[in-house]
Amino acid sequence: MTAMPSLNGSVGYIFTSCDLDVKGSGNVQFKNMIERFRVYDQPRRPEGKEEEWAGGERVDTRDYLLYGRLYLPSGRLDALYSTRLSSTVQALVAAVSHPSSNVLGRSGDVSNIMFNLQHDAGKWCTEYSYSADDGMWGLRVLHNFGRLGLPVEPTDDSLTTESRAGLKRVDEEDAVEGGLKGRVSAGAEIYISAKEKSAGGSIGLRFTTLPDATPPSFQVPSSSSLPLSRASKGQLSQPPTTITALFNPILGHMSGAYSAQVSRDLCLSSRFDFNVYSFESEWTMGAEWWMRRSPSADTEGDGDPATYSLSPPPLSDTNDLDTRDEVHGVVKARASTNNDVSLMWEGRVRNMLVSLGVVSDFSSRSKPIKAIGLELSYFSSG
């Protein structure tokens, strides 16, 4: 539900044949539910589902997901169906119905259906799409340079952390002094609309540091026994960093971004946009500050608050940090050369996730505050 600047809300539903362990809004891991800076895990080829046999016949079925969301009071309805055709191929069908709307000057019932076919082989990823509303066909391609990561294996309790300390990652090389060590990805997209008789495309590059600092929580258990990094218990040799560059030759738009985690709870980002045709430019800066409960104030559980160290824990072991001093909120700030300044707080209040933000324009004396927004989110799983 969004309370400001106008009152509106939505009701959603998700059903899947896979195990869905997202808990509820009151006890779900806070970091997994918000948009934030993260360094994604190294790409790996998806593994197929284990075969199930009964009476000499294969009885396992394809995994699928159903999603629906109704927006109030506009009456817009979103629906999605996704299924995995094979270990590396996934199909999606999405539909949107917006009655009595006025979108792009079109009045009346606006409906659309979209088809997507995704192929993920680890090193190469492709996506084919089609939109029935404007007859648009699209193609996206992504290539990850370097070696692929190994599949995540179950934790072996007999192998201690000390014995894993000397292991090297599959994509880890000897340290190179004087620069960042990481991996590079390159991607491109092209789209053609037969109805609008138009076409477009863009290309992009991304550099991400190694070792991975924030692997997906659904792949890595909370224990620190998996050998994701030699420095899992020590200080990282380099800050988690992501550098991206995008270029759209038809529109003439260029964009470059640099994001890094400079400390345990602080992430900084900078982005520069430029148009080669109009010479318009914009420089945007952003920050992300995580707020944690004080360890001395945590009296739940078996841990003794007196055993916590006053020195900040290492930057790398983010899962252990969340268990020792739980994250209860984040403050995000953004400022640009267009005199736009935005500030937002996201946190948990009882069993609800709350977002409160303000957008201001310092160049306008009559209306320096452009908008104030409040969003409340509650969900549960069964």
Side-chain angles (χ1 to χ4, degrees), residues 1-38 64-80 82 214-224 264-267 287-305 308 313 317-334 342-359 371-382:
M1 181 180 68
T2 304
M4 293 181 291
S6 61
L7 181 62
N8 55 73
S10 63
V11 179
Y13 179 79
I14 295 179
F15 179 81
T16 177
S17 59
C18 302
D19 294 334
L20 186 62
D21 185 17
V22 295
K23 301 181 180 180
S25 55
N27 53 10
V28 70
Q29 188 174 2
F30 180 71
K31 278 192 171 184
N32 291 342
M33 304 309 300
I34 63 173
E35 295 184 1
R36 61 186 178 91
F37 168 76
R38 66 182 69 188
Y64 63 91
L65 180 142
L66 296 173
Y67 163 80
R69 189 172 186 179
L70 177 63
Y71 294 84
L72 299 173
S74 63
R76 171 179 170 176
L77 179 63
D78 294 350
L80 182 141
S82 175
T214 53
S217 60
F218 65 88
Q219 290 183 351
V220 180
S222 59
S223 62
S224 59
R264 183 188 66 162
D265 296 325
L266 179 62
C267 302
E288 189 178 81
W289 175 261
W290 294 94
M291 297 182 296
R292 303 177 186 270
R293 292 187 178 92
S294 175
S296 59
D298 188 7
T299 58
E300 298 179 358
D302 298 333
D304 183 6
Y308 291 121
D317 203 349
T318 56
N319 288 325
D320 286 350
L321 289 174
D322 291 339
T323 58
R324 289 186 52 176
D325 44 352
E326 181 185 359
V327 172
H328 66 89
V330 58
V331 176
K332 300 178 181 179
R334 186 185 66 178
S342 303
L343 185 65
M344 183 173 65
W345 171 82
E346 293 181 277
R348 194 198 322 262
V349 178
R350 295 185 181 274
N351 292 330
M352 302 186 67
L353 300 180
V354 181
S355 299
L356 177 62
V358 57
V359 180
I372 298 177
L374 173 64
E375 181 177 295
L376 307 176
S377 177
Y378 173 82
F379 57 89
S380 62
S381 61

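Basis for what follows: all heavy atoms, side chains included, without hydrogens, waters or symmetry-related copies.
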Straight-line distance of Ser355 OG to Ile34 CD1, nearest 0.5 Å: 8.0 Å
Between CD1 on residue Ile372 and CG on residue Leu356, distance to nearest 0.5 Å: 8.0 Å
Of the non-hydrogen atoms in Ser25 and Tyr378, which two are nearest, and what is the gap between them? OG-CD1, 3.2 Å
Could you list the residues that satisfy side-chain hydrogen bond (donor to acceptor under 3.5 Å, both in side chains) with Ser17, not counting sequence neighbours? Asp63
Quick one: list whatever passes salt bridge (Lys or Arg N to Asp or Glu O under 4.0 Å) with Glu288, sequence neighbours left out. none
Distance (rounded to the nearest 0.5 Å) between Trp290 CH2 and Phe37 CZ: 11.5 Å
Taken in chain and number order and not counting sequence neighbours, the residues that satisfy salt bridge (Lys or Arg N to Asp or Glu O under 4.0 Å) with Arg76 are Asp78
Measuring from atom NE2 of His328 to atom CZ of Arg348, what distance do you get when rounded to the nearest 0.5 angstrom? 11.0 Å
Leu266: which residues meet the side chain to side chain contact (heavy atoms under 4.5 Å, CB included) condition with it, sequence neighbours left out? Val262, Ser263, Leu268, Trp289
Lys332 versus Arg334: any side-chain heavy-atom pair under 4.5 Å? no
Shortest non-hydrogen separation from Pro73 to Asn8 and the atoms involved: CD-CB, 3.9 Å
Taking side chain to side chain contact (heavy atoms under 4.5 Å, CB included) as the definition, give me every residue that meets it alongside Val354, ordered by chain and number, with sequence neighbours left out. Trp345, Val349, Leu374, Leu376
So Phe15 and Tyr64, would you call those rings parallel, tilted or perpendicular, with 30° and 60° as cut-offs? tilted
Under 3.5 Å, side chain of Ser342 to main-chain N/O of Val359, donor-acceptor pair present? no
Mind checking whether Val330 and Arg36 have side chains closer than 4.5 Å, heavy atoms only? no
Output all residues satisfying side chain to side chain contact (heavy atoms under 4.5 Å, CB included) with Met33, sequence neighbours left out; order by chain, then residue number. Val28, Leu353, Phe379
